[in-house]
Every structure is written in C-alpha cells, then in structure tokens.
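Notes follow the structure.
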Amino acid sequence: MPSSPLRVAVVCSSNQNRSMEAHNILSKRSFNVRSFGTGTHVKLPGPAPDKPNVYDFKTTYEQMYNDLLKKDKELYTQNGILHMLDRNKRIKPRPERFQNCKDFFDLVITCEERVYDQVVEDLNSREQETCQPVHVINVDIQDNHEEATLGAFLICELCQCIQHTEDMENEIDELLQEFEDKSGRTFLHTVCFY
C-alpha cells in the first residue's frame, strides 16, 4: 500500500458536473483530491442546445449561480444546473483549468477521451523535472447528472482499489482489466512523468 495517500485529480471539460461529482464523493472518502476542466471556457447548458452559457474559468460558481438565477430561475432549477452549482460552490470557489495547475498527482482520472488526450498532451509538453510517474486513466462518463453520479462511484471504487495495492506500478494494469470486466467499460491508461 502506498505510504502516503494518493494525490488524485479528476478532469472533465468544464469542471462542473462529472469532475465535481467525483471530487465531492472522493473528498467525503478522505482522498487528497482536486478537480479540473481542460476547456478554454466553462460551458453550461442554456435555453437551447446552440445557446450555452459560457463563462471564463475565473468566474466563481457563486457568480454563475446568480447569473443563471437572474436569467431564468425556473429553467435552471428544473434542469438541475442551479443545484449542481450550489454543490460546486460548497466544494471550492471556482472551476480550475488542468493546464494551469503545476501540482503533482499520482493519478489523473479523465471523464472522456477528448479530455484524456488533452491531459496527456499537456503532461507530455511539460519539461520533466522529477521523473515521478503519473497514471492517467480515462473513464468515459456521459455528461448528465445521473451518469456523473454513477461515474463518481466507479472512480471512487477504482481509487480505493489503487490505494490498497502493494505496488501500484506493477498491479495497475491487472486492476484496470478487472474493472473493465466488472463494469463493462473500457479504460484508457498511460503513464506520463513530471
């Protein structure tokens, strides 16, 4: 078992739904966790599919909440966005971009293949300093409230199993294969270095 708790990052596109749900579940299980997005902007559903609400990553969850409350309280209550933002602001002040974070993690879990590619590209473009390995694993999760919750529990179970391995470097491939068989999902996995 690792001598210190796993340092975990969970990453989706806008650091709103999937990564924040996993952040919430993992932090309640005492994991050392942070969450991020990889997009250039934060996008939330709007009144129509082609009219999303777009925010800068510097915008706080509180500001987004108040903006949507003013725009259409009924719509954003009914579609769950206000509830999601309320949860988010209790976890941290604002969304964060993965590409702007220089902290080291043992495990980075992404929630869709495009985000996985962006995280791997970012890590590989950094100058190697310590040669410390970081495992990047993709768990495809649809971007809706129900799937985010199911995905968060799967991510939590995965992190708990990895935390309890004797030798993460040598056991992770077998562990991921077991999870693929059990969940019926395919996981992408690669190792990058800091």
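Note that the numbering runs from 1 along the sequence shown for the chain.
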Heavy-atom neighbours of E174 CD exceed 12 at 6.0 Å = no
So, for R94 and T59, which heavy atoms are closest and what is the spacing to 0.1 Å?
-> CB-O, 3.6 Å
Taking Q78 for its side chain and E74 for its backbone only, find out whether a donor-acceptor pair lies under 3.5 Å.
-> no
Provide the closest heavy-atom pair for S35 versus S19 in the form atom of the first, atom of the second, distance.
-> CB-O, 3.7 Å
How about K58: does its NZ atom have over 12 heavy atoms from other parts shown lying under 6.0 Å from it?
-> no
Report yes or no: does R97 contribute a side-chain atom to a donor-acceptor pair with the main-chain N or O of T40 at less than 3.5 Å?
-> no
Stepwise, does the side-chain contact (heavy atoms from CB on, under 4.5 Å) test hold for R114 with S13?
-> CA-CA 9 Å; R114 180 178 53 88; S13 186; 3.5 Å; yes
Side chain proximity check, K89 to T60, heavy atoms < 4.5 angstrom | no
If we only count heavy atoms from C-beta on, is the E178 to D181 side-chain gap below 4.5 Å?
-> no
Nearest-0.5 Å distance, CG of residue D106 to CZ of residue R7 | 4.0 Å
Any side-chain heavy-atom pair from I172 and T165 closer than 4.5 angstrom?
-> no
Is there a side-chain contact between M84 and M20 (heavy atoms, below 4.5 Å)?
-> no
Pair L85-Q16, side-chain contact (heavy atoms from CB on, under 4.5 Å): steps then yes or no = CA-CA 7 Å; L85 288 168; Q16 291 288 342; 3.3 Å; yes
Kindly indicate whether a cation-pi arrangement holds for R126 with F98, taking the cut-offs as under 6.0 Å to the six-membered ring centre and within 45° of the axis.
-> yes
Establish, from distance only, whether the side-chain atoms of H145 and E21 form a donor-acceptor pair under 3.5 Å.
-> no
Answer yes or no: does atom NZ of K43 have more than 12 heavy-atom neighbours from other residues, nucleotides or ligands under 6.0 Å?
-> no
Following the transitive rule for hydrophobic clusters with a side-chain heavy-atom cut-off under 4.5 Å over Ile, Leu, Val, Met, Phe, Trp and Tyr, establish whether I141 and Y116 coincide in one cluster.
-> no
Calculate, to the nearest 0.5 Å, the distance between atoms CD1 and SG belonging to I155 and C111 respectively.
-> 4.5 Å
Please say whether more than 12 non-hydrogen atoms of neighbouring residues, nucleotides or ligands are located less than 6.0 Å from NZ in K70.
-> no
Here the gap from T130 atom OG1 to F193 atom CZ, rounded to the nearest 0.5 Å, amounts to 10.0 Å
Atom of Y76, atom of N53 and distance for their closest heavy-atom approach | OH-ND2, 2.9 Å
Taking a hydrophobic cluster as the set of Ile, Leu, Val, Met, Phe, Trp and Tyr residues connected by side-chain heavy atoms closer than 4.5 Å, whether directly or through intermediates, do L175 and V108 fall within one such cluster?
-> no
Nearest atoms (heavy-atom pairs only) where C159 meets L6 = O-CD1, 3.8 Å
Locate the shortest heavy-atom distance separating R34 from C101; write the atom from each residue and the value.
-> NH1-SG, 3.6 Å
Note, V42 side chain near N15 side chain (heavy atom, < 4.5 Å) | no
Around H83, counting heavy atoms of other residues, nucleotides and ligands shown, do more than 12 lie under 6.0 Å from its NE2?
-> no
Under 3.5 Å side-chain donor-acceptor pair for Q118 and T38 | yes
Side chain to side chain contact (heavy atoms under 4.5 Å, CB included) partner of L188, the single match among L176, D140, N138 = N138
Check whether any side-chain heavy atom of L154 sits under 4.5 Å from a side-chain heavy atom of S183, and report yes or no.
-> yes
In a check of side-chain hydrogen bond (donor to acceptor under 3.5 Å, both in side chains) between R18 and each of E147, H23, Q142, E112, which one passes?
-> E112
Tracing side-chain contacts under 4.5 Å among Ile, Leu, Val, Met, Phe, Trp and Tyr outward from I25 reaches F153
When rounded to the nearest 0.5 Å, the distance separating CG of L26 from CG of L107 is 9.5 Å
Could you tell me the separation between the CG atom of N124 and the CD atom of Q128, rounded to the nearest 0.5 Å?
-> 8.0 Å
Under 6.0 Å from the CD atom of E121, do we count more than 12 heavy atoms belonging to anything else shown?
-> no
Treat each ILVMFWY residue as a node, draw an edge where side-chain heavy atoms are under 4.5 Å apart, and state whether I81 and L69 are in one component.
-> yes
For L44 and Y55, which heavy atoms make the closest approach, and how far apart are they?
-> CD1-CE1, 4.0 Å
Indicate, with yes or no, if M168 and L123 share a hydrophobic cluster defined by side-chain heavy-atom contacts under 4.5 Å among Ile, Leu, Val, Met, Phe, Trp and Tyr.
-> no
Given side chains that start at C-beta, do those of R87 and Y61 come closer than 4.5 Å, heavy atoms only?
-> no
Just wondering, do F31 and Q160 contact through their side chains at under 4.5 Å, heavy atoms?
-> yes
If two hydrophobic side chains count as joined below 4.5 Å and joins carry through other members, does V136 share a cluster with F36?
-> yes
Is E171 reaching over with its side chain to a backbone N or O of E166, donor-acceptor style, under 3.5 angstrom?
-> yes
Do D173 and Q177 have side-chain N/O donor and acceptor atoms under 3.5 Å apart?
-> no
CZ of R29 to CG of N24, rounded to nearest 0.5 Å, is 9.5 Å
